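Quick caveat: nothing in here was measured; it's all calculated off a predicted structure. Just so it is clear: chains get the letters A, B, ... in the order the sequence lines come, proteins before strands, and each one is counted from 1.
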Amino acid sequence: MNAASSLHPVLALLLAPLLPGVINRIKALFGGRRGPPLLQLYFDLWKLFRKGAVYSRTTTWVFRAGPLVNFACLVAALALLPLGRVAAPVSFAGDLVLLAYLLGLGRFATVAAALDTGSSFEGMGASREVQFAVFAEPALLAGLAALAHATQSLSLSGMYAAWPAATLPVLALLGAGLFILFLAENCRMPVDDPNTHLELTMIHEVMVLDHGGVDFGFVLWGSALKLWVLGALLAGLLPPPATGHPLADLAVGAGWLLALAAATGAVESVMARVRLLRVPQLLVGAGVLCALGLLLTFR
Amino acid sequence: MSGVIEIILIFLILANLILLGASRLRNAIRIVAWQGLVLGLMPLLAHRDGLVWAAILLGAGSAGIKGFVFPALLNRALRETQASREIEPFVGYVLSLLAGVGVLALSVWFGSRLPLPWPPASNLLVPAGMFTVWTGLFLIVTRRKAITQVLGYVVLENGIFTLGMVLVEAMPLLVELGVLLDIFVAVFVMGIIVFNINREFDHIDSDQLAALKEGGP
């Protein structure tokens, strides 16, 4: 463990709110608008954290715990997460399974909080979120399993330590699969429209409708962190190999994340959302790509 | 060389998976055409002696027929029947995709156990070929439209062609060209039959042909 490793979680916490800003700027660029400032999410967070929160009388502690548990899970995930060639502060054999389950626990807390409000719309959003998660989680695990098998390493830091550890076609398949997963898990365009305000079609946004003030701040920061966490899994697949200077590696990783945010903005600008019924098919497609990558490592 | 072969084979596998999940007939025809075109490169790459006339002839003939003639025939049949998409396959698209992955795993396992006279150009050759054969059969069995079934037949031939690459030095050119000719005639005839079925019954749902049997109520 070196300085860059321990620096990464702090950097992630501070820089993650920049990613949605980049996405929105790219979307505005495609639309011919000026768009919100790059630092908009920081302003929003500053505003929200100075507010109090209003709680409905029908809700219980489950509702209040939702955003905090989700945020805590993502911070814990950051500790396990290598970025590019920079190793994670904590790493042990099998930490990829813990990462997948931390994401799952965060999702469970959000869904439970949404159900706790008793609102039928939030129930619908929660139902969709878990329905898609059923398809997304096997895809993530298959992708990580393929990487683990290709690199003969069971820890995330070991898997991403070198490049190209796996053969190039495998990396391309995994990259495509994880990119679809990245878009789906973060509720971006082909799966969910983050700008929509029609409750019938929203997925993630509808689950957090009743949160306000500080809680909503943590929800927003949490979703930015989730972009960072899943983006880092993808960024590790990209070149270059380790430069030898940990700080340079860290900068390269962060650069790839910003590029990924820009790519997400471009995808969102040129693609329409697929029909809700087709989303499972898309996610199964992502799973198939990852599974194919896994099969290719078995030769 | 084997790197290029590997990329072609992965393309073949991905095209199969797309076919299993695609509902638009026009897209499916285009994907099968690309499969045929790309497979035309295989004899040139897999042949140990490099560019031999037999390999060039085989590659060019197969790419020409599968990449240009078949799509033109099928597109014509599609235009005349005015069918644009597979409506309700017997097995849904998500299930088809999952079945595809299962069969792919089976093919990889089988490919690793199949004794071959000599090592193939790529480890992936036998699994990919076998998977393509199974995909073709799967399409023929589980889809309703006659055009998709014809496509399944062409995919099946693509698989046999890929498997034939293992024996590319040993298999006489005439055998390969004979297979190609068979397929050509078959697709030609099927294109006409699809058109005639459509003219007679106003649709190309092949499962409804079962109602034609005599002695009905």
Side-chain angles (χ1 to χ4, degrees), chain A residues 128 130-146 149-150 164-181 184 190-191 237 271-272 274-299, chain B residues 2-24 27 31 85-89 91-114 116 119-128 130-132 134-135:
Chain A
R128 281 177 197 148
V130 286
Q131 188 202 347
F132 296 155
V134 166
F135 296 100
E137 271 176 17
L140 178 66
L141 283 173
L144 291 178
H149 192 259
T167 48
L168 206 55
V170 175
L171 283 183
L173 287 172
L174 289 182
L178 286 182
F179 186 61
I180 298 179
L181 210 63
V191 173
L237 296 178
M271 272 190 81
V274 299
R275 274 188 304 147
L276 218 51
L277 288 174
R278 303 259 306 184
V279 171
Q281 204 182 339
L282 189 74
L283 287 171
V284 168
V288 164
L289 287 172
C290 290
L292 185 55
L294 180 60
L295 279 176
L296 285 180
T297 59
F298 269 108
R299 288 175 299 122
Chain B
S2 94
V4 182
I5 293 183
E6 206 130 283
I7 288 170
I8 290 180
L9 291 172
I10 288 172
F11 169 80
L12 189 69
I13 294 174
L14 285 181
N16 288 336
L17 290 170
I18 296 172
L19 276 176
L20 286 175
S23 67
R24 282 173 203 275
N27 279 350
I31 290 165
R85 54 168 65 216
E86 185 79 30
I87 305 296
E88 274 183 348
V91 178
Y93 296 113
V94 171
L95 203 57
S96 301
L97 267 176
L98 290 177
V101 176
V103 169
L104 182 59
L106 213 62
S107 313
V108 170
W109 174 77
F110 192 71
S112 66
R113 301 186 62 100
L114 189 70
L116 293 170
S122 155
N123 288 339
L124 207 52
L125 196 59
V126 176
M130 206 158 290
F131 177 52
T132 315
W134 286 114
T135 307

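- Interface remark: I13(B) contributes side-chain atoms only to the contact with chain A (heavy atom separation under 4.5 Å).
- For a residue to count as touching a neighbouring chain, one of its non-hydrogen atoms must lie under 4.5 Å from one of that chain's; by this rule L104(B) touches chain A with backbone and side chain alike.
- Contact check for L17(B) versus L289(A): no side-chain heavy atoms found under the 4.5 Å cut-off.
- The CG atom of L97(B) sits 11.5 Å away from atom CG of L283(A), with the distance rounded to the nearest 0.5 Å.
- Scanning all heavy atoms of the two residues, the minimum distance from A291(A) to V101(B) falls at CB-CG1, 4.1 Å.
- The contact between L173(A) and chain B is made entirely by side chain atoms (from C-beta outward), counting heavy-atom distances below 4.5 Å.
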